[in-house]
Q: 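The structure is given below, and queries will be raised subsequently.
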Amino acid sequence: MKRRLLVTLAVLGVAACGQNTSKADAPAADTLTRRQKDSIISTLPIPGASGVGAARKAVDQANARVQQHDTTR
């Protein structure tokens with residue numbers, strides 16, 4: 001009898017710990033792009049932040065050169 005009670009309580013305990021599929025508990029979707037995040041990071045007063053901005057600028061320049069090269073062909 002005690003064993004049956006313990007098994008029942010264990011099953012109920014596991015069921016109570018199940019995942020909640022409520023949308024209110026779901027984390028919000030990330031709405032910023034990587035470029036937007038890098039732009040924000042480059043303005044922060046933390047070590048390496050200016051390097052993020054410089055890398056983003058270098059990528060922009062490289063993309064501009066590629067675009068220019070593609071239009072001259």
Side-chain angles (χ1 to χ4, degrees):
M1 190 66 164
K2 285 185 179 183
R3 177 176 277 183
R4 182 178 287 185
L5 178 62
L6 287 176
V7 170
T8 303
L9 289 175
V11 169
L12 289 175
V14 170
C17 294
Q19 289 184 350
N20 186 357
T21 58
S22 172
K23 290 193 180 210
D25 294 337
D30 194 4
T31 58
L32 295 176
T33 64
R34 181 77 252 165
R35 181 177 172 76
Q36 291 170 324
K37 290 176 185 176
D38 289 345
S39 179
I40 293 169
I41 290 171
S42 68
T43 63
L44 296 175
I46 56 174
S50 61
V52 172
R56 190 174 48 85
K57 185 176 178 181
V59 168
D60 289 344
Q61 290 173 345
N63 287 337
R65 283 192 303 271
V66 168
Q67 183 67 29
Q68 183 181 9
H69 177 70
D70 286 347
T71 57
T72 58
R73 285 184 120 188

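Residue numbers start at 1 and run along the sequence shown.
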Q: Closest approach of V52 and D38, non-hydrogen atoms and distance?
A: CG1-O, 3.6 Å

Q: Which pair of non-hydrogen atoms, one from R34 and one from I41, has the smallest distance, and what is that distance?
A: NH2-CD1, 4.0 Å

Q: Looking at residues at least two apart in the chain, or sitting in another chain, which of them share a side-chain contact (heavy atoms from CB on, under 4.5 Å) with T33?
A: R35, Q36

Q: Residues two or more places apart in sequence or in another chain: which of them pass salt bridge (Lys or Arg N to Asp or Glu O under 4.0 Å) with K57?
A: none

Q: Taking all atoms of both residues into account, what is the closest heavy-atom pair of T43 and I40, and its distance?
A: OG1-O, 2.7 Å

Q: Check R56 against S42 and note the closest heavy-atom contact, atom names and distance.
A: NH2-OG, 4.0 Å

Q: Just how far is it from atom CG of N63 to atom CD of Q68, taken to the nearest 0.5 Å?
A: 13.0 Å

